[in-house]
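Have a look at the structure below before the remarks.
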Amino acid sequence: MNFQLLDTLRQIKPVVLNISNFVTVQDVANGLSALGASPIMSEESAETEDIVQISQAIQLNFGAFTTEQVAHIKKTGQLGNQYQLPVVVDPVAVSSINYRHQIIPQLLQEFHADIIRGNTSEIATLGGFSWQAKGIDSADGKGDRRFIAMQTAQKYHCIIIMSGATDIITNGTAVTQITNGTPLLQVHVGSGDLLSSISAAFAAVSPHNLYQAAQMAALVVAVSGELAAQQQSTLGPGTFTAALLDELANINIQDLQQTAHYQTQEENNAATN
Ligand SMILES: Nc1ncnc2c1ncn2[C@@H]1O[C@H](COP(=O)(O)OP(=O)(O)O)[C@@H](O)[C@H]1O
Ligand SMILES: Cc1ncsc1CCOP(=O)(O)O
Ligand SMILES: [Mg+2]
């Protein structure tokens, strides 16, 4: 785990271009800004290349895309590849909506996603595995989540972040499992979108080691949520939202090192923290 990336992100303040969804766009913008990155959101295809040229990473969120936005997402992903920016994809509800199940895999053939971040059902669906979903959320399923995540990473030649009570990060051969977090993150709509955007922010400052970027993004969001939930016992979804934002602004490397619970399995050996 390269904890130093948190300070590097705050020094560089990477500009992260987000093709967002109308539901969580402000949560994502405020979460990125609180952490120390610089969000920019756009819906206009005509300005895409201008914005890509001033950005250091891209996040493409399929939360509420329209047929018109399909072309915009494709153009933004292809420009990200052309300008060699890390591209993160969040395949929201690809498992529960047939239209998305057709469109998203097709779009993933039109450009390369460097990181795909989704919940278990979303990642399993992209990998060709069956796992129940309930709308935007993951539901029950059978199977080794690590195996599913690794297979999907190999299928798309990318880093996979499979989020949940235990986050699984893999490059297809090495696997990291992070058990930090809080059930309040699951209730909080937008925590997955925020994780996808923060993954892009860390990828911007670690473009040659996206596995470390993904590890840090998952750890920072989960630990921020855990620490926010510990602050007030009477915390509910409303106060949690504010506490999460404050925690993203205040969290430091020492907090992470003291709170992190993770296990990494490299190709041949395992290390735990
Ligand atoms: N039951 C849980 N306990 C602790 N943390 C969770 C739980 N479910 C999700 N999280 C955390 O919430 C964030 C979003 O994950 P998830 O809910 O899987 O994404 P999505 O909102 O896209 O479905 C991640 O940081 C994850 O670690
Ligand atoms: C409710 C909803 N509907 C379309 S996108 C969205 C937000 C999904 O956010 P997350 O996947 O982070 O919970
Ligand atoms: Mg989601």
Side-chain angles (χ1 to χ4, degrees), residues 18-32 35 41 43 59-66 69 73 88-97 99-100 103-104 115-126 131-141 145 148-149 152 160-170 176-202 214-230 235 237 240-241 243-245 247-248 251 256 259-263:
N18 294 273
I19 309 298
S20 294
N21 64 68
F22 62 81
V23 178
T24 63
V25 57
Q26 187 160 17
D27 298 278
V28 168
N30 280 327
L32 277 172
L35 181 65
M41 280 59 177
E43 291 184 343
Q59 193 264 149
L60 305 173
N61 184 289
F62 286 89
F65 64 99
T66 62
Q69 284 171 329
I73 291 171
V88 177
V89 165
D90 185 330
V92 181
V94 65
S95 28
S96 49
I97 301 175
Y99 173 69
R100 297 187 188 194
I103 291 285
I104 295 175
I115 297 174
I116 300 176
R117 198 295 313 174
N119 58 43
T120 303
S121 64
E122 291 160 346
I123 298 300
T125 298
L126 289 181
W131 199 282
Q132 296 300 309
K134 185 176 173 53
I136 61 165
D137 292 323
S138 192
D140 298 332
R145 292 177 69 235
I148 292 170
T152 310
I160 290 290
I161 302 174
M162 176 192 272
S163 54
T166 297
D167 290 334
I168 293 174
I169 299 97
T170 182
T176 296
Q177 299 180 92
I178 298 172
T179 52
N180 293 96
T182 168
L184 281 165
L185 276 170
Q186 189 172 5
V187 172
H188 176 74
V189 173
S191 54
D193 291 355
L194 178 58
L195 173 52
S196 297
S197 292
I198 287 178
S199 300
F202 275 103
Q215 286 176 319
M216 279 300 291
L219 186 69
V220 163
V221 173
V223 169
S224 295
E226 184 173 320
L227 294 177
Q230 282 170 3
L235 212 52
F240 175 74
T241 300
L244 176 62
L245 215 46
E247 203 52 53
L248 285 169
I251 197 162
L256 292 173
T259 314
H261 291 294
Y262 64 93
Q263 183 181 20

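Starting from 1, each residue takes its place in the sequence as its number. Note: hydrogens, waters and symmetry copies are ignored here, and every other heavy atom, side chains too, is used. Keep in mind the model is a prediction, meaning the values are calculated, not measured. As the structure lists them, so they are numbered: ligands from 1, and atoms in each ligand from 1.
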Tell me whether G192 has any N or O atom under 3.5 angstrom from an N or O of ligand 2. yes
S95 side chain to E122 side chain, donor-acceptor N/O pair below 3.5 angstrom: no
The protein heavy atom nearest to atom 18 (O) of ligand 1 is S163 OG, 2.8 Å
If we count only N and O atoms by modelled type, under 3.5 Å, do the side chains of S199 and R117 hold a donor and an acceptor together? no
Pairwise side-chain contact, V189 with T24, heavy-atom cut-off 4.5 Å (strictly under): yes
Winner among D90, L195, D137, T182 once heavy atoms are compared against atom 3 (N) of ligand 1: T182
Value for CG (D193) from CZ (F62), rounded to nearest 0.5 Å, stands at 12.5 Å
With atoms numbered from 1 as shown, which atoms in ligand 1 lie under 4.0 angstrom from a non-hydrogen atom of G181? 4 (C), 5 (N)
Of the listed options (E122, Q186, R117), which comes nearest to atom 19 (O) of ligand 1 when hydrogens are ignored and any heavy atom counts? R117
If only atom types and distance count, is the side chain of T182 paired as donor or acceptor with the main-chain N or O of G225 below 3.5 Å? no
Atoms of ligand 1 less than 4.0 Å from G192 heavy atoms? 14 (C), 19 (O), 20 (P), 21 (O), 22 (O)
Rounded at 0.5 Å granularity, tell me how far OG1 in T166 sits from NE2 in H261. 12.0 Å
The single option from T259, N180, T179 that satisfies side chain to side chain donor-acceptor pair (under 3.5 Å) with E226 is N180
How far is atom 2 (C) of ligand 1 from the closest protein heavy atom, and which atom is that? A165 CA, 3.6 Å
Please identify which atoms of ligand 2 are closer than 4.0 Å to at least one heavy atom of G190. 9 (O), 10 (P), 12 (O), 13 (O)
Of all the non-hydrogen atoms in the protein, which one sits nearest to atom 10 (N) of ligand 1, and at what distance? G164 O, 3.6 Å
Short N or O distance, V221 and ligand 1, threshold 3.5 Å exclusive: no
What protein heavy atom lies closest to atom 23 (O) of ligand 1? Include the residue and the distance to one decimal. N119 ND2, 2.9 Å
Which of the atoms of ligand 2 are close to I136, meaning less than 4.0 Å from one of its heavy atoms? 1 (C), 2 (C), 3 (N), 8 (C), 13 (O)
Numbered in order shown, the ligand 2 atoms found under 4.0 Å of a heavy atom of S191 are 12 (O)
How far is atom 13 (C) of ligand 1 from its nearest protein heavy atom, and which residue and atom is that? S191 OG, 3.9 Å
Taking all non-hydrogen atoms of both residues, which atom of A93 and which atom of G135 are closest, and how far apart? CB-O, 3.8 Å
Within a strict 4.5 Å, meaning less than it, do heavy atoms of the L248 and V220 side chains meet? yes
Closest non-hydrogen protein atom to atom 9 (O) of ligand 2, residue and atom name please, with distance? D193 OD2, 3.3 Å
Can you name the side-chain contact (heavy atoms from CB on, under 4.5 Å) partners of S20, sequence neighbours left out? N18, V25, M41
Taking distance alone, with N or O pairs closer than 3.5 Å, would you say G63 contacts ligand 2? no
N21 heavy atoms within 4.0 Å reach ligand 2 at atoms 5 (S)
Are a donor atom and an acceptor atom from the side chains of Q59 and S197 found within less than 3.5 Å of each other? yes
Under a 4.0 angstrom heavy-atom cut-off, which atoms of ligand 1 come close to L185? 11 (C), 12 (O)
Which label fits H188 and F240: parallel for a plane angle under 30°, tilted from 30 to 60°, or perpendicular past 60°? perpendicular
Within the structure, does S138 bring an N/O atom to less than 3.5 angstrom of an N/O atom in ligand 1? no
